[in-house]
Amino acid sequence: MEYRRLAEAFYRIESTTKRIAMTDYLSDLIRQTPPDLIGKVVYLIQGKLYPDFVGIEIGMAEKLAVRSVSIATELSIEEISEDLGRTGDIGDTAFQELQKAAPEVREPLLVSDVYSMLDTIAKTAGPGSVEAKVNMLAELLKRATPLEAKYIARTVTRKLRLGVADMTILDALAIVYGGGRQSRPIIERAYNITSDLGMVAEGLAEGGLEAVKKFHVTVGKPIRPMLAERLKTPEEIMARTGGECVAEYKYDGERVQIHKRGSEVTLFSRRIENITKQYPDVVELAKATIRADTAIIEAEIVALDPETGENRPFQELMRRRRKYGIEEMAKEFPALIFYFDCVYADGRDLTELSFPERRKILGQIVTTTDRARFVEFSIVDSVNALEEFFEQAVQQGTEGVICKAVGPESIYQAGSRGWLWIKYKREYRSEMADTVDLVVVGAYYGRGRRAGVYGSLLMAIYLPESDTFRTITRLGAGFTDKDLAELPKMLEEYRIESRHPRVETKERPDVWFVPGLVLEVIGAEITLSPLHTAGLNMFRSGSGLAIRFPRFTSRYRFDKAPEDATTEQEIIDMYTSRIRKVAS
Ligand code: AMP
């Protein structure tokens with residue numbers, strides 16, 4: 001398969017503003033791809049070479065890519081840099097500069113060539129590696145057409161930004177290999193227990209739906225976490241859980257999936273990144289306390305204040321997500337582990353067992369210590385008992401409780417948000433203090449004191465049904481000077497020329513972003529607004545819902561993917577419950 005096909009499909013995907021067209025182009029591309037290449041093509045569509053949890057990234061600095069373009073085109077570095085200053089995009093610059101060079105007859109570039117070259121670039125390390133990478137990329141660009149060069153240059157600098165979500169690829173795979181969208185659940189399950197889209201695509205291409213039905217949980221392949229729904233009153237929770245459930249403290253920390261095989265421990269985040277290096281102390285604690293030879297255990301890790309012995313807030317734990325100074329940080333903010341679930345133990349997949357059965361096995365394979373414990377829990381069978389346990393949880397400084405179903409149906413539903421787990425948080429009790437997790441989709445330039453930085457950000461909620469984002473507010477308050485200075489840098493990797501096809505909005509911000517960065521926001525109230533598209537036409541024709549007086553809570557939710565943001569349904573629920581309260 002020629003790489004030209006991929007480049008042309010990328011161009012089409014990038015040029016459309018319609019999400020349906022995007023799925024069509026994707027399906028066409030998948031249809032044209034031979035089975036032995038489908039895995040690689042799926043990763044390349046997402047600007048990657050491997051699934052995220054493998055931790056191999058291409059990430060070449062733009063400066064180095066400029067040198068490669070210069071070698072490939074025989075133009076000076078200054079000329080290329082100058083052009084980059086104009087276009088602001090290494091892909092566009094590579095395209096333009098290659099177009100200037102006289103066209104020559106070339107051997108077509110194959111997808112397998114591009115992939116293996118990028119793979120070598122990604123894995124080259126050590127002394128002399130910078131020169132080697134520059135030269136390899138130059139060789140690749142010399143063999144590329146201008147359009148191919150555009151996407152190679154973007155991929156290698158991690159700026160492909162097609163914004164094709166996992167769910168869109170699953171849709172396209174279901175259409176091409178599963179006989180239509182109705183096969184989505186089977187394909188999605190295979191993805192949920194492996195987190196590896198390329199492997200799912202390969203399985204489908206080689207053995208059809210039957211092959212992916214046989215996928216099972218394995219140590220080393222992270223599963224996509226089970227998520228909780230939310231309710232606002234203990235009455236509703238008790239009704240939903242059939243009168244009995246296990247209520248557990250909802251710790252304000254970071255969720256971690258611990259994979260153990262012999263003496264080897266790997267940690268994955270809620271977003272399925274490999275975070276083993278960030279938490280050497282957690283690795284040691286897990287080795288010391290998990291007795292099973294092979295296991296996949298879920299836990300919440302919380303930062304501990306060594307002086308007072310109290311839990312520290314989540315923001316401080318997030319400071320441990322860094323590349324340097326990890327050991328010092330581990331001393332300053334040592335971690336506590338709270339174990340809460342087990343999906344695999346001693347060679348056995350436990351996802352089809354009920355929660356009490358899984359919990360029992362967890363109890364058998366873990367020894368607890370001061371720093372590694374089970375979550376606090378209570379079996380509750382009445383509204384009063386739940387209220388009481390909730391008060392206790394809040395007094396202990398947690399966010400509230402998570403209520404878990406205990407019946408035979410209470411299996412582990414990887415990757416899905418359902419009613420088997422229900423969160424009941426402090427905020428729901430006061431209508432002025434609902435925090436929501438919103439995605440940045442655009443920005444407006446600042447004026448006056450904020451000249452040179454963003455004045456406000458355009459924020460959106462998520463719609464799982466259509467896999468799109470709808471705007472709900474402009475966020476300008478709650479940022480420190482440091483936040484304001486850092487945001488343009490933080491958002492640079494998401495910047496695109498025009499509205500992303502997954503974003504539905506009436507606003508025209510100065511700058512657009514691929515939905516990526518998630519921020520926690522607190523608002524005074526939710527009102528009807530003609531300006532925003534969240535809940536559009538649900539309550540009044542032409543109007544949507546908006547958050548009034550939004551403020552950034554200073555919590556960057558790097559642990560959340562844009563698809564983990566607050567959903568439209570959650571906002572509608574918050575809005576209707578408020579109206580009910582006002583009316584009564
Ligand atoms: P949220 O991020 O608001 O959707 O809440 C769900 C998150 O709560 C999970 O992803 C975990 O990180 C966290 N959490 C804290 N304690 C528990 C617990 N006992 N069981 C499950 N999740 C928990």
Side-chain angles (χ1 to χ4, degrees), residues 51 53-55 189-196 199-200 203 211-227 246 248 254-270 272-277 279-301 335-377 379 402 404-416 420-421:
F53 63 83
V54 175
R189 176 195 158 270
Y191 174 54
N192 284 336
I193 60 172
T194 59
S195 306
D196 190 341
M199 191 169 100
V200 173
V212 298
K213 272 188 197 158
K214 294 195 195 105
F215 277 26
H216 48 80
V217 175
T218 36
V219 175
K221 291 250 177 218
I223 65 169
R224 300 186 64 240
M226 174 164 175
L227 303 170
V246 164
E248 294 179 346
E254 177 167 14
R255 185 169 184 165
V256 66
Q257 206 180 110
I258 306 171
H259 287 234
K260 177 173 184 274
R261 183 194 301 276
S263 60
E264 195 186 326
V265 166
T266 313
L267 308 179
F268 297 107
S269 69
R270 175 194 167 116
I272 318 292
E273 303 131 324
N274 188 325
I275 50 167
T276 316
K277 286 208 182 82
Y279 294 107
D281 46 345
V282 174
V283 171
E284 288 313 313
L285 285 170
K287 280 187 192 166
T289 53
I290 303 174
R291 287 197 305 250
D293 190 47
T294 54
I296 304 176
I297 291 180
E298 279 211 292
E300 187 80 1
I301 51 181
L336 269 183
I337 309 184
F338 291 99
Y339 294 116
F340 65 79
D341 213 323
C342 177
V343 293
Y344 186 93
D346 284 323
R348 191 164 158 224
D349 180 344
L350 311 180
T351 50
E352 296 296 320
L353 298 187
S354 71
F355 175 58
E357 289 170 304
R358 298 199 306 277
R359 215 19 242 270
K360 192 169 154 214
I361 296 174
L362 178 65
Q364 289 161 352
I365 63 170
V366 168
T367 336
T368 54
T369 66
D370 267 6
R371 302 250 322 264
R373 313 175 195 161
F374 293 116
V375 295
E376 282 300 323
F377 73 97
I379 301 170
I402 299 205
K404 299 184 176 177
V406 289
E409 79 292 355
S410 60
I411 57 168
Y412 190 93
Q413 291 177 320
S416 99
L420 294 173
W421 289 7

Chemist: Name the one of Val282, Leu267, Ile275 that satisfies side-chain contact (heavy atoms from CB on, under 4.5 Å) with Glu254?
Modeler: Ile275
Chemist: Do Pro222 and Asp196 have side chains that get closer than 4.5 Å, going by heavy atoms?
Modeler: no
Chemist: Can you find a heavy atom in the side chain of Phe355 that is under 4.5 Å from one in the side chain of Leu420?
Modeler: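 Result no, sub-4.5 Å side-chain heavy-atom pair not found.
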Chemist: Judged by atom type as modelled, is there a donor-acceptor pair below 3.5 Å linking the side chain of Arg189 to the main-chain atoms of Phe215?
Modeler: yes
Chemist: Would you sort out whether Val256 and Phe268 count as a side chain to side chain contact (heavy atoms under 4.5 Å, CB included), showing the intermediate values?
Modeler: CA-CA 6 Å; Val256 66; Phe268 297 107; over 6 Å; no
Chemist: Report yes if some heavy atom in the side chain of Asp293 is under 4.5 Å from a heavy atom in the side chain of Asp346; otherwise report no.
Modeler: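 With C-beta onward as the side chain, the pair touches.
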Chemist: Under the ring pair (Phe, Tyr, Trp, His ring centres under 6.0 Å) rule, collect the residues that match up with Phe338, sequence neighbours excluded.
Modeler: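 For Phe338 the ring pair (Phe, Tyr, Trp, His ring centres under 6.0 Å) partners, ignoring immediate neighbours, are Tyr251.
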Chemist: Are the side chains of Leu350 and Cys342 in touch, meaning some heavy atoms are under 4.5 Å apart?
Modeler: yes
Chemist: Please report the shortest heavy-atom distance between Ala345 and Ile365, naming the atom on each side.
Modeler: CB-CD1, 4.0 Å
Chemist: What pair of heavy atoms forms the shortest contact from Ala335 to Leu285, and how long is it?
Modeler: O-CD1, 3.7 Å
Chemist: How many angstroms lie between CG in Asp281 and CD1 in Ile301, if you round to the nearest 0.5 Å?
Modeler: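 Going from the CG atom of Asp281 to the CD1 atom of Ile301 covers 8.0 Å.
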Chemist: To the nearest 0.5 Å, what is the distance between CZ (Arg261) and OG1 (Thr266)?
Modeler: 9.0 Å
Chemist: Is there a side chain to side chain contact (heavy atoms under 4.5 Å, CB included) between Lys260 and Ile297 once you walk through the steps?
Modeler: CA-CA 8 Å; Lys260 177 173 184 274; Ile297 291 180; over 6 Å; no
Chemist: For the residue pair Pro51 and Val54, establish whether any side-chain heavy-atom pair is separated by less than 4.5 Å.
Modeler: yes
Chemist: Around Glu409, counting heavy atoms of other residues, nucleotides and ligands shown, do more than 12 lie under 6.0 Å from its CD?
Modeler: yes
Chemist: Considering only NZ, NE, NH1 and NH2 on the basic side and carboxylate oxygens on the acidic side, decide whether Arg255 and Glu298 come within less than 4.0 Å.
Modeler: yes
Chemist: In Å and rounded to the nearest 0.5 Å, what is the CZ to OG1 distance from Phe53 to Thr194?
Modeler: 7.0 Å
Chemist: Under the side-chain hydrogen bond (donor to acceptor under 3.5 Å, both in side chains) test, which residues partner Thr289, sequence neighbours left out?
Modeler: Tyr339
Chemist: Quick check: does any side chain N or O of Arg358 sit under 3.5 Å from a backbone N or O of Thr351, one acting as donor and the other as acceptor?
Modeler: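 No, because the side chain of Arg358 does not come within donor-acceptor range (under 3.5 Å) of the backbone of Thr351.
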Chemist: Could you give the distance from CD1 (Ile258) to CD1 (Ile337), rounded to the nearest 0.5 Å?
Modeler: 4.5 Å
Chemist: Identify the heavy atoms of Ile290 and Ala295 that sit nearest to each other, and give their distance.
Modeler: CG2-CB, 4.1 Å
Chemist: Using the side-chain hydrogen bond (donor to acceptor under 3.5 Å, both in side chains) criterion, which residues pair with Lys213? Sequence neighbours excluded.
Modeler: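 With neighbours one apart ignored, the set is Glu210.
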Chemist: Restricting to non-hydrogen atoms, name the atom on Thr294 and the atom on Gly347 that form the minimum distance, rounded to 0.1 Å.
Modeler: OG1-N, 3.0 Å
Chemist: Applying side chain to side chain contact (heavy atoms under 4.5 Å, CB included) to Leu353 and Ile361, what does each step give before you reach the verdict?
Modeler: CA-CA 10 Å; Leu353 298 187; Ile361 296 174; 3.9 Å; yes
Chemist: Counting heavy atoms not belonging to Arg348, are there more than 12 under 6.0 Å from its CZ?
Modeler: no
Chemist: Roughly how far, to the nearest 0.5 Å, is the CG atom of Leu227 from the CZ atom of Arg270?
Modeler: 5.5 Å
Chemist: Just so I know, are the side chains of Phe340 and Lys404 near enough to count as touching, which here means a heavy-atom distance under 4.5 Å?
Modeler: yes
Chemist: Could you report the tightest heavy-atom contact between Gly203 and Val212, atom names first, then the distance?
Modeler: C-CG1, 4.1 Å
Chemist: Can any side-chain N or O of His259 pair as donor or acceptor with the backbone N or O of Gly220 at less than 3.5 Å?
Modeler: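 Indeed, once roles are kept as given, a pair shorter than 3.5 Å links the two residues.
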Chemist: Measure the spacing between CD of Glu248 and CZ of Arg359 and express it to the nearest 0.5 Å.
Modeler: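 The CD atom of Glu248 sits 6.0 Å away from the CZ atom of Arg359.
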Chemist: Could you go through Ile223 and Tyr412, starting from their C-alpha distance and side-chain angles, then the distance that decides it, and tell me whether this counts as side chain to side chain contact (heavy atoms under 4.5 Å, CB included)?
Modeler: CA-CA 11 Å; Ile223 65 169; Tyr412 190 93; 3.4 Å; yes
Chemist: Please report the shortest heavy-atom distance between Gly407 and Ser410, naming the atom on each side.
Modeler: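 Nearest heavy atoms, Gly407 then Ser410: O-OG, 2.6 Å.
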Chemist: Surrounding NZ of Lys287 (heavy atoms of other residues, nucleotides or ligands, distance under 6.0 Å), is the total greater than 12?
Modeler: yes
Chemist: In terms of heavy-atom contacts, does CZ of Phe374 have more than 12 from other residues, nucleotides or ligands at under 6.0 Å?
Modeler: yes
